[in-house]
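Worksheet: the structure to be examined is printed underneath.
Numbers here simply count residues along the sequence, with the first being 1.
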Amino acid sequence: MNIQIFGTKKSADARKAERFFKERGIKFQYVDLKEKGLSKGELMSVMQAVGGLDRLIDEKAKDQETVTLLRYIAEEDKLEKVLENPQVLVQPIVRNGRKATVGYQPDVWKEWE
């Protein structure tokens, strides 16, 4: 298993995801979205796994200006806008190879073990 958790220190769900894997002794790489963010390739891989960019957008994110903008800009511009503003993503994003989840999904992660 090659687990990556993308989130921020302020996200309660990202902290819960970390605890889930720590309690099971599963090694993971934590990536702070504020410091590093997702690469374009990582974002594309997660989009494929979860069914598109719209499933990654947190409608309740603090940055409502960007969330609203994402509803109206051209499809080809959305990806770049999300890469510039990773704070609008649902957290945590957990990757295991080609599989990925968005949000706190312990039932799915148990199947990965």
Of the non-hydrogen atoms in [X] and [Y], which two are nearest, and what is the gap between them?
X     : Y     : answer
Leu79 : Leu43 : CD1-CD2, 3.3 Å
Ala61 : Val67 : CB-CG2, 4.0 Å
Tyr30 : Ala14 : OH-CB, 3.9 Å

Original post:
Is it true that Trp109 and Tyr104 have ring centroids separated by less than 6.0 Å?
Top reply: yes
Original post:
Which value, rounded to the nearest 0.5 Å, describes the distance between Leu89 atom CG and Ser11 atom OG?
Top reply: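 The CG atom of Leu89 sits 11.0 Å away from the OG atom of Ser11.
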**OP:** Give, for atom CD1 of Ile5 and atom CZ of Arg15, the distance between the pair rounded to the nearest 0.5 Å.
**Re:**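 Rounded to the nearest 0.5 Å, the CD1-CZ separation comes to 13.0 Å.
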Under a 4.5 Å cut-off applied to non-hydrogen side-chain atoms, are [X] and [Y] in contact?
X      : Y     : value
Arg95  : Ser45 : yes
Lys22  : Phe28 : yes
Thr101 : Asn96 : no
Gln48  : Met44 : no
Lys9   : Lys34 : no

Original post:
So among Thr8, Asp58, Asp63, which one has a side chain to side chain donor-acceptor pair (under 3.5 Å) with Gln87?
Top reply: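 Checked Thr8, Asp58, Asp63 against Gln87; only one passes side chain to side chain donor-acceptor pair (under 3.5 Å): Asp63.
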Original post:
Between Arg71 and Glu59, is there a side-chain N and carboxylate O pair less than 4.0 Å apart?
Top reply: yes
Original post:
Between Lys78 and Glu75, is there a salt bridge with N-O shorter than 4.0 Å?
Top reply: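 Salt bridge flag = yes for Lys78 with Glu75.
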Subject >> Verify same cluster id: Val82, Val90 (apolar side-chain graph, 4.5 Å) >> reply: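 Yes; Val90 is reachable from Val82 via cluster members.
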Original post:
Going hydrophobic residue to hydrophobic residue with side-chain gaps under 4.5 angstrom, can you get from Val102 over to Trp112?
Top reply: no
Original post:
For Asp13 and Gln91, does a side-chain donor sit closer than 3.5 Å to a side-chain acceptor?
Top reply: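 On atom types as modelled, these side chains do not qualify, holding no pair under 3.5 Å.
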**OP:** Cation-pi check, Arg24 to Phe20: give yes when NZ or CZ is under 6.0 Å from the six-membered ring centre and within 45° of the ring axis, no otherwise.
**Re:** yes
Original post:
Would you find a donor on one side and an acceptor on the other, under 3.5 Å apart, between the side chain of Asn85 and the backbone of Lys81?
Top reply: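 Yes, because the side chain of Asn85 sits within donor-acceptor range (under 3.5 Å) of the backbone of Lys81.
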Original post:
Any donor and acceptor pair, going by atom type alone, linking the side chain of Thr68 with main-chain N or O of Gln64 inside 3.5 Å?
Top reply: yes
